[in-house]
Amino acid sequence: MLYWVVKAIVGPLLHLIFRPWAEGVDNVPREGPVILAGNHLSFADHFFGALFLRRKVISLGKSDYFTGSGFKGLMSRAFFSGVGTVPIDRSGGKASEAALRTGKRILAEGQVLGIYPEGTRSHDGRLYKGKTGVARLALESRVPVIPWAMVNTFETMPPGSVLPKLGLRPGVKFGRPLDFSRYHGMEEDRLVLRAVTDEIMYALMELSGQEYVDQYAASAKAEAARAAKEAREIAKKEAREAAKKEAKEAREARRRG
């Protein structure tokens with residue numbers, strides 16, 4: 001109920017302020033289980049991704065969104081519950097199996113499950129290697145996968161932004177359903193899971209127009225953070241050396257004077 005209340009209130013405001021657009025909405029069936037596999041560019045994806053659909057989209061989100069304390073924690077729980085997010089533990093191992101079971105239950109109920117195969121938001125707007133959980137869900141649940149591409153949401157609300165930027169029209173594209181019935185019964189084959197996942201990511205790349213990087217987003221984000229930290233340390237060191245040199249030259253100038 002909260003999902004539809006939030007959508008009824010926020011939806012018209014988003015249309016009025018941002019004039020979002022959508023393509024391929026009819027590719028999403030009006031009933032029955034289906035997986036929406038999307039790129040993840042921005043926090044704004046939570047607002048615009050399902051805006052044009054008449055069906056509720058349930059997504060899997062990290063449990064941290066629901067465990068905060070105080071007013072901030074309350075607002076986080078209210079927001080993510082309102083946009084249809086189900087909390088899961090994403091720490092890996094048995095937690096990953098629990099997340100898959102949750103996804104299978106949602107699909108068994110005939111609902112729409114939204115998944116971001118990259119596992120985290122892109123830090124630079126590029127499309128990263130998908131994790132194979134989406135393939136396992138598709139094969140074990142025997143449901144179609146629809147590529148779900150966000151467009152301009154990265155520019156509308158870049159990483160670290162608190163408020164969205166105006167002037168760009170964010171959009172969403174729904175591709176044609178991908179049928180993986182030829183792989184049914186092969187969900188334990190790691191090569192099959194990788195092939196299915198790569199096919200999904202290729203469809204997303206074509207739909208979104210993003211540059212593809214054959215690396216997991218979390219690893220690339222960590223590398224970028226390390227490089228940025230090293231650059232800051234080098235800049236600080238150079239600034240200290242420049243200050244020392246300037247002070248030394250000033251002392252020498254005073255002695256000569």
Show the numbers, then the answer: is there a side-chain contact (heavy atoms from CB on, under 4.5 Å) between V172 and L51? CA-CA 9 Å; V172 57; L51 187 61; over 6 Å; no
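- Note on F47: it does not cluster hydrophobically with L13, by side-chain heavy-atom contacts below 4.5 Å among ILVMFWY residues.
- Linking Ile, Leu, Val, Met, Phe, Trp and Tyr whenever their side-chain heavy atoms come within less than 4.5 Å puts W4 and V25 in one cluster.
- Taking every heavy atom of both residues into account, K131 and Y216 meet most closely at CG-CE2, 3.9 Å.
- Taking every heavy atom of both residues into account, P20 and R169 meet most closely at O-NH2, 3.9 Å.
- Remark: the backbone N or O of P29 is paired with a side-chain donor or acceptor of R55 at under 3.5 angstrom.
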side-chain contact (heavy atoms from CB on, under 4.5 Å) evaluation trace for F18 with N152: CA-CA 11 Å; F18 294 98; N152 286 340; over 6 Å; no
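- In this structure, the separation between CZ on F174 and CG on L207 is 10.0 Å, given to the nearest 0.5 Å.
- In this structure, R176 and P147 approach most closely via the heavy-atom pair O-CD, 3.4 Å.
- When the side chains of ILVMFWY residues are joined at heavy-atom separations under 4.5 Å, either directly or via intervening members, L166 and M150 end up in a single hydrophobic cluster.
- Under the 3.5 Å distance criterion, the side-chain polar atoms of E187 are matched with a main-chain donor or acceptor of G185.
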May I have the step-by-step check of ring pair (Phe, Tyr, Trp, His ring centres under 6.0 Å) for H15 and F48, ending in yes or no? CA-CA 10 Å; H15 280 286; F48 297 105; 8.8 Å; no
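- A single hydrophobic cluster is seen to contain both F52 and L36, as judged by linkage of ILVMFWY side chains at heavy-atom distances under 4.5 Å, directly or through other members.
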Before you tell me yes or no, could you show the steps for K56 and V112 under side-chain contact (heavy atoms from CB on, under 4.5 Å), namely the whole-Å CA-CA distance, both residues' side-chain angles and the distance that decides it to 0.1 Å? CA-CA 7 Å; K56 180 179 180 179; V112 180; over 6 Å; no
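- The local environment of CZ in R182 is crowded, with over 12 non-hydrogen atoms from other residues, nucleotides or ligands closer than 6.0 Å.
- Note that the CG atom of L193 and the CE atom of M186 stand 9.5 Å from one another [nearest 0.5 Å].
- For the atom pair CD1 (I106) and CD (Q111), the distance works out to 7.0 Å, reported to the nearest 0.5 Å.
- Within the 3.5 Å criterion, the main-chain N or O of T153 finds a donor-acceptor partner in the side chain of S42.
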Distance-only donor-acceptor hits, side chain of residues 217-236, under 3.5 Å, sequence neighbours excluded:
{"from": "K221", "atom 1": "NZ", "to": "T120", "atom 2": "OG1", "distance (Å)": "3.0"}
{"from": "K221", "atom 1": "NZ", "to": "R121", "atom 2": "O", "distance (Å)": "3.0"}
{"from": "E223", "atom 1": "OE1", "to": "Q215", "atom 2": "NE2", "distance (Å)": "3.4"}
{"from": "E223", "atom 1": "OE2", "to": "Q215", "atom 2": "NE2", "distance (Å)": "3.2"}

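- A50 approaches K7 most closely through the heavy-atom pair O-NZ, 2.8 Å.
- Here the shortest heavy-atom pairing between L127 and M201 reads CD2-O, 3.5 Å.
- Taken from CH2 in W148 to OH in Y116, the straight-line distance is 4.0 Å, to the nearest 0.5 Å.
- Nearest heavy atoms, R126 versus E118: O-OE2, 3.8 Å.
- The hydrophobic clustering, which links ILVMFWY residues whose side-chain heavy atoms are closer than 4.5 Å, places V213 and M205 apart.
- N39 and Q210 form a side-chain donor-acceptor contact under 3.5 Å, judged by distance and modelled atom types alone.
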Show every donor-acceptor pair shorter than 3.5 Å between a side-chain atom in residues 133-146 and any protein atom, with sequence neighbours excluded, or say none if there are none.
{"from": "R136", "atom 1": "NE", "to": "E140", "atom 2": "OE2", "distance (Å)": "3.2"}
{"from": "R136", "atom 1": "NH1", "to": "E97", "atom 2": "OE2", "distance (Å)": "3.0"}
{"from": "R136", "atom 1": "NH2", "to": "E140", "atom 2": "OE2", "distance (Å)": "3.2"}
{"from": "E140", "atom 1": "OE1", "to": "K104", "atom 2": "NZ", "distance (Å)": "3.0"}
{"from": "S141", "atom 1": "OG", "to": "L137", "atom 2": "O", "distance (Å)": "3.1"}

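- Using a 4.5 Å cut-off on side-chain heavy atoms (C-beta onward), R105 and E109 make contact.
- Taken from CZ in R251 to CD in E246, the straight-line distance is 11.0 Å, to the nearest 0.5 Å.
- No side-chain donor-acceptor contact under 3.5 Å links Y183 and D179.
- Note that the CD1 atom of I115 and the CG atom of L113 stand 4.0 Å from one another [nearest 0.5 Å].
- The shortest side-chain heavy-atom distance between P170 and M157 does not fall under the 4.5 Å cut-off.
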